[in-house]
Amino acid sequence: ASPGEVSTRELDLAAAALFAPVAAAQERSAAKSSGKTKSSKKDTAKPKEKATRRLMREYQDMVTKGEFICNLVEDNLFEWDVELTELDSDSTLHKDMLSAGVDAISLHFSFPQNYPFAPPFVRVQEPYITGGYVMDGGAICMELLTAEGWSGAYTAEAIVRQFAA
């Protein structure tokens, strides 16, 4: 190009620089309307993936602390057996255990795929208990295990502690 003239390449670069913000805004708008927005991995994780991460962390915490015996059922992260050996000595449950000669309570946790947004199902496996929070068949009926009483901030450990209190 002669002096004072602009080459085609320079025009293309100038146009790209000028219209880049407009193109980016159009891409964002199109992605938003189609539901495909760019966000962090954490935000786009499916509920089961979130539940898996959370359960892995909670399980590891319970095993590491060693206050309760905690095992996965058939290597399934969504099914746990928890053995509770220490109870609040003033609790009715502790007194009932002493009078029955029972030294541990075995709990079974079934976590939903959308945990921690929904509470787990918890039941007493052994010994056979009825009354208080425990229904026929061992299901534990506590407000914190209902949809209305549940908070995603609760953990499996918190449930065990509440049951033991």
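Other residues, nucleotides and ligands place more than 12 heavy atoms under 6.0 Å from the CD atom of Gln113. Summarising the local packing, CG of Asn76 is surrounded by more than 12 heavy atoms from other residues, nucleotides or ligands at distances under 6.0 Å. Around atom CD of Gln60, no more than 12 heavy atoms belonging to other residues, nucleotides or ligands sit under 6.0 Å away.
Using a 4.5 Å heavy-atom threshold, the side chains of His108 and Glu79 count as touching. At least one side-chain heavy atom of Cys70 sits under 4.5 Å from a side-chain heavy atom of Tyr59. Using a 4.5 Å cut-off on side-chain heavy atoms (C-beta onward), Phe68 and Glu157 make contact. Taking 4.5 Å as the limit, some side-chain heavy atom of Leu55 sits within range of a side-chain heavy atom of Trp80. The shortest distance between side-chain heavy atoms of Ile105 and Glu126 does not fall below 4.5 Å. Annotation: side chain of Glu67 is not in contact with side chain of Met62 (no heavy-atom distance under 4.5 Å).
A side-chain N or O of Glu58 and one of Tyr115 form a donor-acceptor pair less than 3.5 Å apart. Side-chain atoms of Gln125 and Ser106 form a donor-acceptor pair, as typed in the model, at a separation below 3.5 Å.
For Arg54 against Tyr154, the heavy-atom pair with the smallest separation is NH2-O, 2.6 Å. Scanning both residues, Ala118 and Asn114, for their nearest heavy atoms gives CB-OD1, 3.4 Å. Of all heavy-atom pairs between Ala104 and Pro127, the closest is O-CD, 3.7 Å. When all heavy atoms are compared, the tightest approach of Pro120 to Leu145 is O-CD2, 3.8 Å. Between Ala147 and Pro119, the closest heavy-atom pair is N-CG, 4.4 Å.
Among Ile69, Val160, Val124, the one residue that satisfies the side chain to side chain contact (heavy atoms under 4.5 Å, CB included) test with Leu84 is Val160.
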- Item | Full working for side chain to side chain contact (heavy atoms under 4.5 Å, CB included) between Met142 and Gln162 | CA-CA 9 Å; Met142 297 170 67; Gln162 180 66 32; 2.9 Å; yes

- Query: Under the ring pair (Phe, Tyr, Trp, His ring centres under 6.0 Å) criterion, do Trp150 and Phe117 qualify, and how do the steps go?
  - Reply: CA-CA 8 Å; Trp150 179 253; Phe117 303 109; over 10 Å; no

- Under the side chain to side chain contact (heavy atoms under 4.5 Å, CB included) rule, what do Phe111 and Thr52 come out as? Steps first, then yes or no, please. CA-CA 10 Å; Phe111 296 93; Thr52 300; over 6 Å; no

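Between Phe109 atom CZ and Ile159 atom CD1 the span is 5.0 Å, to the nearest 0.5 Å.
Both Val63 and Leu107 are part of a single hydrophobic cluster, where members link through side-chain heavy atoms under 4.5 Å apart. A single hydrophobic cluster is seen to contain both Met56 and Leu72, as judged by linkage of ILVMFWY side chains at heavy-atom distances under 4.5 Å, directly or through other members. If you chain together hydrophobic residues whose side chains sit under 4.5 Å apart, Val82 and Val102 fall into the same group.
With hydrogens and angles disregarded, no donor-acceptor distance shorter than 3.5 Å links the side chain of Arg123 to the backbone of Met135. At distances below 3.5 Å, not a single donor-acceptor pair connects side-chain atoms of Thr64 with backbone N or O atoms of Asp61.
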